[in-house]
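See below for the structure under consideration.
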Amino acid sequence: MLRPTFASGNPGAPVTNVAIDRDQIIAIEELIRPHVRRTPVLAVAGADFRLDSISLDLKLEFLQHAGSFKTRGAFANLLTRKVPPAGVVAASGGNHGVAVAFAAMKLGVPARIFIPTVASPEKIERIRGLGAELVITGERYADALAASEAWAAPSGAMRVHAYDQLETLLGQGTVGLEFEQQCPELDTLLVAVGGGGLIGGVSAWYSGKIKIIGVEPEAAPTLTTALRAGRPVDSPAGGIAADSLAPRRVGELMFPIAQKYIDRVVLVADEEMSQAQEALWTVLRAVVEPGGAAAFAALLSRRYQPHPQERVGVILCGGNTTAVNFVAKTETVGAIVANA
């Protein structure tokens, strides 16, 4: 089984300047398989959304444990690295924190999660419900990351980076592995971009076999800015998906993958993400958060226009939101929901 080596010898330190290949992703998929869901793919006619002449395959990753693809990267980290007695520490806009808290709870590992004030109430409550220590600090993900790193060094806890970590990228790459197995005839795949862990891992898996389109909020164009600059640089970090797609800059590890394999990046407005959320709920009764609907928003808004007969895949990557308010009738129901 794959046991990654660390550049500094410190199990808390991110690996830099690494190559990611399909064999590594296959090894990680075998390791995390007992702990994650193989999320379904839903084939729908484009006409259902007034997108004529195309076939859509939607990867329902919002049905993953803890509500997003991030759970794959969390388990990849905790199962391949030696976790110290102090446990793990992570910074997150929300979903990564939920995922690390979930994985830590399942594996019996202490976890401390730093999140910014922009994190949604739903994500805050999920982290608390999973038993992790929660620290809310700063306005954006970058602020929470700085606070987590300041705490991690003296604590001895293992840092689990949300996207700029080899194990995280490999875990997220398993989404691509599954999607190719489920839909081998895809022409194009649309993937939301925040820090780039998901699109980096998925692009590494496909390695140019299909067209990969990145989708970012106009208010948080991290990869767009990096590609123009030729390197990861700070960019604006706002909008309705600020708790999931606004880390200020993309990861160093994913950037060369993006340069090599991503066809292009399109930007979507906050209103278009909201409209995509509403459309997914109206047509499919799928509850997806703004960042989770970003890739679909590129289609619905015509920011990305497929060719006739193009077979398009879309990863609906997160569902930690409250689109419908249900009242739990018993404490047992509440406990089930908290730990799902």
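In what follows, every heavy atom counts, from backbone to side chain, and hydrogens, waters and symmetry copies are set aside.
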**Asked** Is the side chain of R126 donor-acceptor paired with the backbone N or O of N320 at a distance under 3.5 Å, no angle test?
**Response** no
**Item:** Donor + acceptor pair across side chains of T39, E61 (<3.5 Å)
**Value:** yes
**Request:** Show your reasoning for whether salt bridge (Lys or Arg N to Asp or Glu O under 4.0 Å) applies to E29 and R33.
**Result:** CA-CA 6 Å; E29 191 278 332; R33 187 185 302 158; 2.7 Å; yes
**Prompt:** Could you state the interatomic distance from OG (S92) to CG (L134), rounded to the nearest 0.5 Å?
**Reply:** 10.0 Å
**Prompt:** Would V98 and F114 show up in the same hydrophobic cluster when neighbours are defined by side-chain heavy atoms closer than 4.5 Å?
**Reply:** no
**Request:** Carefully, step by step, assess D187 and R311 under the rule salt bridge (Lys or Arg N to Asp or Glu O under 4.0 Å).
**Result:** CA-CA 5 Å; D187 299 308; R311 186 159 183 177; over 6 Å; no
**Prompt:** Going through the checks in order, is the side chain to side chain contact (heavy atoms under 4.5 Å, CB included) test met by L107 and L79?
**Reply:** CA-CA 9 Å; L107 298 175; L79 292 171; 4.0 Å; yes
**Fill in**
Taking every heavy atom of A119 against every heavy atom of I124, the minimum-distance pair comes out as O-CD1, 3.8 Å
Just list the side-chain donor-acceptor pairs under 3.5 Å for residues 255-264, sequence neighbours left out, or say none.
none

**Item:** Worked check of side chain to side chain contact (heavy atoms under 4.5 Å, CB included) between E289 and N95
**Value:** CA-CA 11 Å; E289 65 186 273; N95 281 336; 3.1 Å; yes
**Request:** Tell me, please, which residues at least two apart from I26 pass side chain to side chain contact (heavy atoms under 4.5 Å, CB included).
**Result:** D23, E30, L177, W205
**Asked** Do you know the tightest heavy-atom contact between P232 and V250?
**Response** CB-O, 3.5 Å
**Under 3.5 Å side-chain donor-acceptor pair for D57 and Q182** = no
**Asked** At their closest point, which heavy atom of M158 faces which heavy atom of K82, and how far apart are they?
**Response** SD-O, 3.8 Å
**Residue list, ring pair (Phe, Tyr, Trp, His ring centres under 6.0 Å) with F296, at least two apart or on another chain** = F49
**Message:** Do F102 and I127 sit in one hydrophobic cluster, given that two such residues count as connected whenever their side-chain heavy atoms are within less than 4.5 Å of each other, even indirectly?
**Reply:** yes
**Asked** Any side-chain heavy atom of H65 within less than 4.5 Å of one from F75?
**Response** no
**Asked** Can you pull the salt bridge (Lys or Arg N to Asp or Glu O under 4.0 Å) pairs that have at least one residue in residues 290-309, sequence neighbours excluded?
**Response** E218-R303, E272-R303
**Item:** A293: partners by side chain to side chain contact (heavy atoms under 4.5 Å, CB included), with sequence neighbours left out
**Value:** A276, Q277, L280, V288
**Prompt:** After noting the C-alpha distance and the side-chain angles of E310 and T188, does the key distance pass the side chain to side chain contact (heavy atoms under 4.5 Å, CB included) rule?
**Reply:** CA-CA 8 Å; E310 185 173 346; T188 304; 2.4 Å; yes
**Item:** Spacing of S235 atom OG and L223 atom CG [to the nearest 0.5 Å]
**Value:** 9.5 Å
**Asked** Considering residues at least two apart in sequence or located in another chain, which fulfil the side-chain hydrogen bond (donor to acceptor under 3.5 Å, both in side chains) criterion with E271?
**Response** Q275
**T117 backbone acceptor or donor facing E139 side chain under 3.5 Å** = no
**Request:** Please check if the side chain of T282 supplies one atom and the backbone of A279 the other of a donor-acceptor pair under 3.5 Å.
**Result:** no
**Request:** For F179, enumerate each residue passing the ring pair (Phe, Tyr, Trp, His ring centres under 6.0 Å) test, keeping only those at least two apart in sequence or located in another chain.
**Result:** none
**Prompt:** Which residues, ordered by chain and number, are linked to V233 in its hydrophobic cluster, where ILVMFWY side chains connect at heavy-atom gaps below 4.5 Å, directly or through other members?
**Reply:** none
**Asked** What about V109 and W151, same hydrophobic cluster or not, with Ile/Leu/Val/Met/Phe/Trp/Tyr joined at side-chain heavy-atom distances under 4.5 Å?
**Response** no
Contacts under 3.5 angstrom, residues 168-176 side chains, donor-acceptor by atom type, not counting sequence neighbours:
unit_1 : atom_1 : unit_2 : atom_2 : d
T168   : OG1    : N77    : ND2    : 2.9
T168   : OG1    : H161   : O      : 2.9
Q172   : OE1    : G73    : N      : 3.0
T174   : OG1    : R72    : NH1    : 3.0
T174   : OG1    : G171   : O      : 2.6

**Message:** Contact between R81 and E167 at the side-chain level, heavy atoms closer than 4.5 Å - yes or no?
**Reply:** yes
**hydrophobic_cluster_shared for V83 and L31, side chain cutoff 4.5 Å** = yes
**Request:** Please report the shortest heavy-atom distance between A66 and A99, naming the atom on each side.
**Result:** CB-CA, 4.1 Å
**Complete:** Sequence neighbours excluded, the answer for side-chain hydrogen bond (donor to acceptor under 3.5 Å, both in side chains) partners of Q181 is R38
**Item:** Residues in side chain to side chain contact (heavy atoms under 4.5 Å, CB included) contact with P40, at least two apart in sequence or another chain
**Value:** L60, L63
**Message:** Under a 3.5 Å distance rule, please check whether S207 uses its side chain to pair with a backbone N or O of A204 as donor and acceptor.
**Reply:** yes
**Prompt:** Are Y163 and V89 joined in one hydrophobic group, where the rule is that I, L, V, M, F, W and Y side chains link up if heavy atoms are under 4.5 Å apart?
**Reply:** no
**Request:** Considering non-hydrogen atoms only, spot the tightest contact between I28 and A76 and give its length.
**Result:** CG2-CB, 4.0 Å
**Item:** Distance in Å, L198 CG paired with C317 SG, rounded so as to fall on 0.5 Å steps
**Value:** 6.0 Å
**Message:** One pair to check against side chain to side chain contact (heavy atoms under 4.5 Å, CB included): T137 and D143. What are the steps and the verdict?
**Reply:** CA-CA 7 Å; T137 181; D143 304 318; 5.9 Å; no
**Asked** Are any of the side-chain heavy atoms of K59 and V41 separated by less than 4.5 Å?
**Response** yes
**Message:** Minimum heavy-atom separation for E180 and K209, please, with both atom names.
**Reply:** OE2-NZ, 2.5 Å
**Message:** Once rounded to the nearest 0.5 Å, what's the spacing between atom CG of D48 and atom CG of L284?
**Reply:** 7.5 Å
**Request:** Could you tell me which residues satisfy side chain to side chain contact (heavy atoms under 4.5 Å, CB included) with T224, sequence neighbours excluded, listed by chain and number?
**Result:** E216, P221, R228, V265, L267
**Message:** If I take atom SG from residue C183 and atom CG from residue L42, how far apart are they, to the nearest 0.5 angstrom?
**Reply:** 10.0 Å
**Asked** Given side chains that start at C-beta, do those of L56 and L299 come closer than 4.5 Å, heavy atoms only?
**Response** yes
**Complete:** So CG of L58 and CG of L316: to nearest 0.5 Å the spacing works out to 5.0 Å
**Prompt:** Taking C-beta and beyond as the side chain, do S53 and Q309 meet within less than 4.5 Å on heavy atoms?
**Reply:** yes
**Item:** Residue R285 excluded, over 12 heavy atoms near CZ under 6.0 Å
**Value:** yes
